[in-house]
K.L.:
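Let me give you the structure first, and then I'll get to my questions.
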Amino acid sequence: CTLLAACSGDPAPPGGELDAATEVDGPPAAHARVHVVLFTHVEDNTPQGTLGSAQSRQAYTTLRARLVETAQRFRARSLPWVLQPDWKLLEAARLYEDAAMIASTAGKNVFRYLHEDLGVVIDPHSHENGGYNYTDVAYLLDQLGVGGSTVIGGHIWDPALAQFQQWDRFRVAVAGEKYPSASWRGDLLIGAGTPNHVNDPLVSGVWRPADRDHYFDDDPDGNIVAVGAWHDGVAGVQELVELHASGVVPADQLLTASWNVTPLALADLATVEATVLAPMAALRDAGDVVVGDFRALVDTWRAAGARAALYRP
């Protein structure tokens, strides 16, 4: 495996090969625990059906109840949960959140209730389809009373595929497509991917991508930060914990992992409870991980000196 400091191509960070006997003196520092984010993407085909139809309203109502129950499960474990919806769910909320519906959520639309009453962090997510871009999603979140996030909830990083989604355009504010009077600038990239996730990068850590062609090179002056997603869910987190414990990764290097707990998975919350929430709560209680949201993770990284040091096998 390779440690990349400021993402050079060398097989180890400056200073040579890591020595497990000497690199770690005592337990890892608190800021070096593995930082994990559990999030859910709701895609732009959800809810099913044409907006305004009976099918769409029923699908929205079913998903709405599921999101509330999911948030309650996370809260019962004191685990943060990040919800990243695309445009269609947000337009459905503006259409369907009437007095009868909000009676079950303290008189608030479901997004305000999730955020204000159940502690859910809400970020924009966009496939930039259907005439909506990221700024439009951010605008809709504002309209629903839960705006303000500058997280870019998923993007295509591969330079060969940059025409699909040009993440670096967010170095300045971007106007909306559906709502052209809206303006938004994202500054935190998560979920670097490729179409259909067939060649996603395997990386843990935080850095500032230099440009599309040098995505894994850190630019200390860059105004966009990226968070590595790693892989394999809970098993991957355990792998990162062992890298710290064994001294393969220095105790002062922040490692990251995040993954999408899909709406389909949320249809079986008992399984999510057993396979995600319970083991992550156990790792947190053991002091091995910090479970949070993307902004809190980057704030921790900055407070520790904002040193880019990526781990890539």
Side-chain angles (χ1 to χ4, degrees), residues 28 30 32-43 45-48 59-86 89 104-105 110-111 113-115 117-123 125 151 153-154 190-191 193 196-197 200 202-204 227-246 254-294 296-297 300 311 313:
R33 290 177 293 177
V34 179
H35 286 251
V36 180
V37 181
L38 304 173
F39 66 92
T40 294
H41 280 169
V42 181
E43 309 296 3
N45 60 357
T46 304
Q48 292 182 336
Y60 177 83
T61 302
T62 299
L63 179 57
R64 183 186 197 274
R66 188 172 298 157
L67 294 177
V68 170
E69 184 181 354
T70 299
Q72 291 168 338
R73 296 252 189 167
F74 272 82
R75 189 174 183 84
R77 293 277 187 178
S78 297
L79 290 171
W81 179 43
V82 176
L83 179 61
Q84 297 185 336
D86 209 326
L89 183 65
S104 65
T105 49
V110 71
F111 292 101
Y113 181 72
L114 290 170
H115 179 62
D117 294 60
L118 297 176
V120 178
V121 174
I122 302 177
D123 300 322
H125 168 60
V151 172
I190 71 101
N196 298 316
H197 298 286
D200 294 358
L202 180 55
V203 58
S204 179
V227 174
W230 198 236
H231 69 149
D232 287 349
V234 174
V237 172
Q238 293 169 326
E239 182 182 353
L240 294 177
V241 169
E242 178 57 30
L243 290 173
H244 269 154
S246 65
L254 188 149
L255 293 175
T256 63
S258 60
W259 67 93
N260 179 17
V261 184
T262 67
L264 181 61
L266 300 183
D268 183 2
L269 282 171
T271 297
V272 172
E273 181 85 38
T275 62
V276 178
L277 302 189
M280 289 312 304
L283 286 167
R284 177 207 55 205
D285 293 345
D288 293 325
V289 306
V290 174
V291 184
D293 62 83
F294 292 106
L297 190 164
T300 297
Y311 180 77

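If you read the sequence from its start, that first residue is 1, and numbering goes on from there.
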K.L.:
Can you find a pair of side-chain heavy atoms, one from V34 and one from D288, that are under 4.5 Å apart?
P.N.:
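With C-beta onward as the side chain, the pair stays apart.
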K.L.:
Verify side-chain contact (heavy atoms from CB on, under 4.5 Å) between V290 and T300, making sure each step is shown before the conclusion.
P.N.:
CA-CA 11 Å; V290 174; T300 297; over 6 Å; no
K.L.:
Might you point out which heavy atoms bring W230 and T256 nearest each other, and give the distance in Å?
P.N.:
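Smallest interatomic distance, heavy atoms only, reads CB-O, 3.6 Å.
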K.L.:
Give me the atom names and distance for the closest heavy-atom approach of L83 to P85.
P.N.:
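Nearest pair, atom of L83 first, then P85: O-CD, 3.5 Å.
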K.L.:
Can you tell me how far CD of E239 sits from NE2 of H244, rounded to the nearest 0.5 angstrom?
P.N.:
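Here the interatomic distance stands at 12.5 Å.
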K.L.:
Can you tell me how far the CG atom of L264 sits from the OG1 atom of T46, to the nearest 0.5 Å?
P.N.:
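If we round to the nearest 0.5 Å, L264:CG and T46:OG1 are 10.5 Å apart.
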K.L.:
Might you work through the side-chain contact (heavy atoms from CB on, under 4.5 Å) test for L297 and L254, ending with a clear yes or no?
P.N.:
CA-CA 10 Å; L297 190 164; L254 188 149; 4.1 Å; yes
K.L.:
Report yes if the side chains of W259 and V234 come closer than 4.5 Å at any heavy-atom pair, otherwise no.
P.N.:
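Answer yes - side chains close enough.
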K.L.:
What pair of heavy atoms forms the shortest contact from G119 to R75, and how long is it?
P.N.:
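Here G119 and R75 meet closest at N-NH1, 3.8 Å.
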K.L.:
Indicate yes or no: at least one non-hydrogen side-chain atom of H125 is less than 4.5 angstrom from one of V42.
P.N.:
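Side-chain contact under 4.5 Å: no.
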K.L.:
Could you report the tightest heavy-atom contact between L118 and A71, atom names first, then the distance?
P.N.:
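Nearest heavy atoms, L118 then A71: CD1-CB, 3.6 Å.
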K.L.:
So, R284 side chain and S78 main chain: donor-acceptor pair closer than 3.5 Å or not?
P.N.:
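Side chain of R284 to backbone of S78: a pair is present.
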K.L.:
Distance-only, no hydrogens or angles: does the H41 side chain make a donor-acceptor pair with backbone N or O of G153 under 3.5 Å?
P.N.:
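Judged by distance alone, yes, a pair lies under 3.5 Å.
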K.L.:
Would one find more than 12 heavy atoms of other residues, nucleotides or ligands at under 6.0 Å from atom CD of Q48?
P.N.:
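Counting neighbours around CD of Q48, 12 or fewer heavy atoms of other residues, nucleotides or ligands fall under 6.0 Å, so no.
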K.L.:
With a 4.5 Å limit on heavy-atom distance, are the side chains of F39 and V151 in contact?
P.N.:
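Heavy-atom side-chain distance check fails, nothing below 4.5 Å.
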K.L.:
Roughly how far apart are L67 CG and Y113 OH, rounded to 0.5 Å?
P.N.:
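With rounding to 0.5 Å, CG (L67) is 12.5 Å from OH (Y113).
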K.L.:
Return the minimal non-hydrogen interatomic distance between F74 and P80, and the atom names on each side.
P.N.:
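Heavy atoms only, the tightest pair is CD2-O, 3.5 Å.
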K.L.:
To the nearest 0.5 Å, tell me how far R73 CZ sits from L79 CG.
P.N.:
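Interatomic distance, R73 CZ to L79 CG, rounded to 0.5 Å: 13.0 Å.
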K.L.:
Between the side chains of S104 and R64, is a donor N or O closer than 3.5 angstrom to an acceptor N or O?
P.N.:
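Checked: S104/R64 side chains pair up, N/O donor to acceptor below 3.5 Å.
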K.L.:
On a heavy-atom basis, which atom in L255 and which in L240 lie closest, and how many Å separate them?
P.N.:
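Heavy-atom minimum between the residues: CD1-O, 3.8 Å.
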K.L.:
Which distance, rounded to the nearest 0.5 Å, do you find between the CG of D285 and the CE of M280?
P.N.:
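Rounded to the nearest 0.5 Å, the CG-CE separation comes out at 10.5 Å.
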K.L.:
Distance from L202 atom CG to Y311 atom OH, nearest 0.5 Å?
P.N.:
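Taking CG in L202 and OH in Y311, the distance rounds to 8.5 Å.
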K.L.:
With a 4.5 Å heavy-atom cut-off, do S258 and L38 have their side chains touching?
P.N.:
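Answer no - side chains too far apart.
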